[in-house]
Amino acid sequence: MPFGLLKFGLSKGHPVPRVLPPATDLKDSYDIVIVGGGGHGLATAYYLARDHGITNVAVLDKGYIGGGNTGRNTTIIRSNYLTPEGVKFYDESVNLYQDLANDFDMNLMYSKRGHYTLAHTDSALRTMRWRAEVNKHFGINSELMLRDELQKMVPQLNYSEDVRYPILGALYHEPGAIARHDAVAWGYGVGAAKRGVEIHQNTEVTGFDITPANGAPPKITGVKTTRGTIKAGKVLQAVAGMSGEVAKMAGFKLPIKTVPLQACVSQPLKPFLDAIVVSGSLHVYVSQSARGELVMGGSTDPYGVYQTRSTLDFKEGLMMHMLELLPFIGEVKLLRQWAGMTDMTPDFAPIMGETPIDNYYIDAGWGTWGFKATPVCGKRNAEMLATGRVPDMIAPFALQRYHDFKLVGEKGAASVGH
Ligand code: FAD
Ligand code: PYC
């Protein structure tokens, strides 16, 4: 009998502890204002306070923390990217994830599963071999696996040759994992708040005060919100699906198209699938959560809109392909379906660092792949805001690269087919 729990539940003397301090008024001025209380904004605030002692910081979110894509993603964490810049960057993130539960004193349910990207064609096998070689060069455990070996590792899949896209092999990535996404947001938020950062929910940013200084680049001086205008020494924009619109308020343009990405979960099933399985050709991916739900998704919707509507069209297409991969789940019921808005860049890599506005920094272009990057973004954004220098780790992701035509082509590794 969990007596302690019963006592906790019944006694007024044991209230559930408040995890975030109660909301306060906005101050007139902050050293740093972070626009967006998703994982990226909160992680930045956390590392600013923890590693740099900077706490005169406000995180502003128009809704509730983690209510954007941080709380809508399918929680896949991996570093099996294609470019050296991407591999090093996501590897740092995977490493940071290892200590987070201890840092936060919170169970993130981080679960290493192994990640398999299926190849159904010879050209896909070639790409998987390429990714494996780049990964191995940087010390990351990825390898090409041909069908017989794969079948031993993930016997649940349909290996029949009598299908449209028979499975030929896979890129196996041993560190591939899933975690509890809301706990990541809350862990960072609570950790930042405990150290003095202010988190203001229901506070929408509606514009910016920018001073044009004679001949010098324009400079940020303040942030306009639905609760008044505040002065800001520096600003970080971390608003994922709203990146293009918020940048427009600051007076510059991003090479971003915003499209919905949908996902769904099944009713809970007895655990049968340990691996995370992705197929670009079938436009599906699936893992089984600790609760037994199959967490499933596919490609982005083919139209640019700012909405999070679930569609029958997506569900039908996804299930058709899921049944090709796991034909025995035909009777399984769907429990929930949802969508998030994803900010897609031309090269499927993020945009991080400086902008045309002095002291206005950006963390955007996270499309369908940014949950896994939450810790590294927080750590490197904080370093940049604290020192005023762009860390080498994120320099390749500068907005300027589109002007210089130095793209970081990650289309083959960003997530599922697009
Ligand atoms: P968000 O969590 O979206 O936070 C941005 C915040 O900004 C929001 O809370 C929003 O309310 C706020 N905001 C917006 N405009 C304003 C404004 N004007 N003023 C104030 N606040 C504002 N990535 C992976 O790595 N692995 C996955 O498996 C994965 N699966 C995904 C599945 C789906 C269905 C979706 C939609 C995305 C998936 N992603 C995945 C991508 C990932 O979720 C995002 O890239 C990541 O969560 C972005 O985090 P963020 O903190 O930048 O943004
Ligand atoms: O980034 O691995 C990923 C991912 C899978 C599905 C959506 N994003």
Side-chain angles (χ1 to χ4, degrees), residues 33-44 58-81 90 93-94 115 117 173 176-179 181-182 184-185 188 200-208 223-226 236-250 259-265 276-278 280 283-287 295-301 306 308 310 314 337-344 348 350 352 362-374 377-378 381 410 413-418:
V33 172
I34 297 173
V35 188
H40 290 211
L42 295 166
T44 304
V59 180
L60 311 180
D61 199 287
K62 68 176 179 181
Y64 59 94
I65 66 168
N69 286 352
T70 296
R72 293 165 189 270
N73 64 70
T74 43
T75 84
I76 295 173
I77 297 167
R78 60 187 173 89
S79 56
N80 57 353
Y81 276 73
Y90 292 105
S93 214
V94 171
H115 182 280
T117 312
H173 177 57
I178 50 176
H181 47 20
D182 50 328
V184 172
Y188 276 124
H200 293 279
Q201 306 184 81
N202 296 314
T203 307
E204 180 167 358
V205 170
T206 53
F208 297 99
V223 177
K224 295 177 187 162
T225 82
T226 43
L236 174 75
Q237 171 188 323
V239 295
M242 295 308 291
S243 295
E245 295 301 300
V246 173
K248 219 186 281 172
M249 290 179 201
V259 291
L261 178 67
Q262 303 189 48
C264 57
V265 294
I276 304 162
V277 180
V278 182
H283 298 277
V284 295
Y285 62 92
V286 58
S287 67
V295 181
M296 298 170 279
S299 309
T300 50
D301 288 346
Y306 288 93
T308 52
S310 298
F314 165 81
Q337 187 185 352
W338 68 92
M341 292 180 298
T342 59
D343 49 338
M344 306 296 288
F348 293 70
M352 299 184 77
I362 191 154
D363 172 289
W366 290 108
T368 65
W369 49 83
F371 172 67
K372 68 180 77 60
T374 306
C377 287
N381 284 335
E410 284 291 7
S415 55
V416 277
H418 295 287

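We use all heavy atoms of the structure for the numbers below, so side chains are in, but hydrogens, waters and symmetry mates are not. Computed from a prediction, not measured in an experiment: that's the story for all the values here. Note that ligands are numbered from 1 as they come in the structure, with each ligand's atoms numbered from 1 the same way.
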- Would one find an N or O of Gly39, backbone or side chain, under 3.5 Å from an N or O of ligand 1? yes
- Message: So Leu60 and Thr225, do their side chains get closer than 4.5 Å, heavy atoms only?
- Response: yes
- Item | Heteroatom distance test (Trp366, ligand 1): nitrogen or oxygen, under 3.5 angstrom | yes
- Does an N or O from His115, backbone or side chain, lie closer than 3.5 Å to an N or O of ligand 2? no
- Task: For ligand 1, indicate whether the residue Ile65 contacts it via side chain, backbone, both or neither (heavy-atom separation under 4.0 Å).
- Result: neither
- Message: Just to confirm my output: which protein heavy-atom neighbour is closest to atom 40 (C) of ligand 1, and how far is it?
- Response: Thr368 O, 3.1 Å
- Short N or O distance, Thr74 and ligand 1, threshold 3.5 Å exclusive: yes
- Going by heavy atoms in the side chains, are Phe371 and Asn69 under 4.5 Å from each other? no
- Message: Counting non-hydrogen protein atoms only, what is the nearest one to atom 1 (P) of ligand 1? Give residue, atom name and distance.
- Response: Asn69 N, 3.5 Å
- atom 7 (O) of ligand 1: nearest protein contact (heavy atom, Å): Gly36 CA, 3.4 Å
- Under 4.0 Å to a heavy atom of Trp369 - the qualifying atoms of ligand 1, by number: 23 (N), 24 (C), 25 (O), 41 (C)
- N/O to N/O below 3.5 Å, does that happen between Thr70 and ligand 1? yes
- Query: Would you say Met249 has any N or O atom under 3.5 Å from an N or O of ligand 1, going by distance alone?
  - Reply: no
- Message: Check this for me - ligand 1, Lys62, N or O atoms closer than 3.5 angstrom, yes or no?
- Response: yes
- Message: Looking only at protein heavy atoms, which one is nearest to atom 52 (O) of ligand 1, and what is the separation?
- Response: His40 CG, 3.5 Å
- For ligand 1, which atoms, with element, lie under 4.0 Å from some heavy atom of Phe371? 23 (N), 24 (C), 25 (O), 42 (C), 44 (C), 45 (O), 46 (C)
- Query: Which protein non-hydrogen atom lies closest to atom 5 (C) of ligand 1, naming both residue and atom, and how far is it?
  - Reply: Ala238 O, 3.6 Å
- Task: Just let me know how Asp61 lines up against ligand 1, side chain, backbone, both or neither, with a heavy-atom cut-off below 4.0 Å.
- Result: both
- Query: With a cut-off of 4.0 Å, which atoms of ligand 1 are near a heavy atom of Met242?
  - Reply: 14 (C), 15 (N)
- Task: Starting from atom 4 (C) of ligand 2, find the nearest protein heavy-atom neighbour and note its residue, name and distance.
- Result: Ser415 CB, 3.4 Å
- Give the numbers and elements of all ligand 1 atoms closer than 4.0 Å to a heavy atom of Ala240. 1 (P), 3 (O), 52 (O), 53 (O)
- Message: Distance under 4.0 Å to a non-hydrogen atom of Gly367: what atoms of ligand 1 satisfy this?
- Response: 41 (C), 45 (O)
- For ligand 1, the portion of Leu42 having any non-hydrogen atom under 4.0 Å away: neither
- Note on the structure: Check: of Gln337, Arg72, Glu204, min heavy-atom distance to atom 34 (C) of ligand 1 comes from Arg72
- Would you indicate whether the side-chain heavy atoms of Glu245 and Tyr306 approach each other to under 4.5 Å? yes
- Any Trp369 side-chain heavy atom under 4.5 Å of Met344 side chain: yes
- Consider every N or O of Tyr285 and every N or O of ligand 2, then say whether any pair is closer than 3.5 Å. no
- Please state which part of Ala339 comes within less than 4.0 Å of ligand 1, counting heavy atoms only: side chain, backbone, both or neither. neither
- Within a distance under 4.0 Å of any heavy atom of Leu60, pick out the atoms of ligand 1 and give their elements. 20 (C), 21 (N)
- Flag Gly370 as yes when one of its N or O atoms lies below 3.5 Å from any N or O atom of ligand 1, and as no otherwise. yes
- Task: Name the closest protein heavy atom to atom 31 (C) of ligand 1, giving the residue it belongs to and the distance to 0.1 Å.
- Result: Asn73 CB, 3.2 Å
- Within a strict 4.5 Å, meaning less than it, do heavy atoms of the Met249 and Phe208 side chains meet? yes
- Query: If we only count N/O pairs under 3.5 Å, is Lys372 in contact with ligand 1?
  - Reply: yes
- ligand 2 contact by Ala414, heavy-atom criterion under 4.0 angstrom: yes
- Thr203 heavy atom under 4.0 Å from ligand 1: yes
- Please confirm whether Thr74 comes within less than 3.5 Å of ligand 2 when only nitrogen or oxygen atoms on both sides are compared. no
- Specify the protein heavy atom at minimum distance from atom 18 (N) of ligand 1: its residue, its atom name, and the distance to 0.1 Å. Val205 O, 3.1 Å
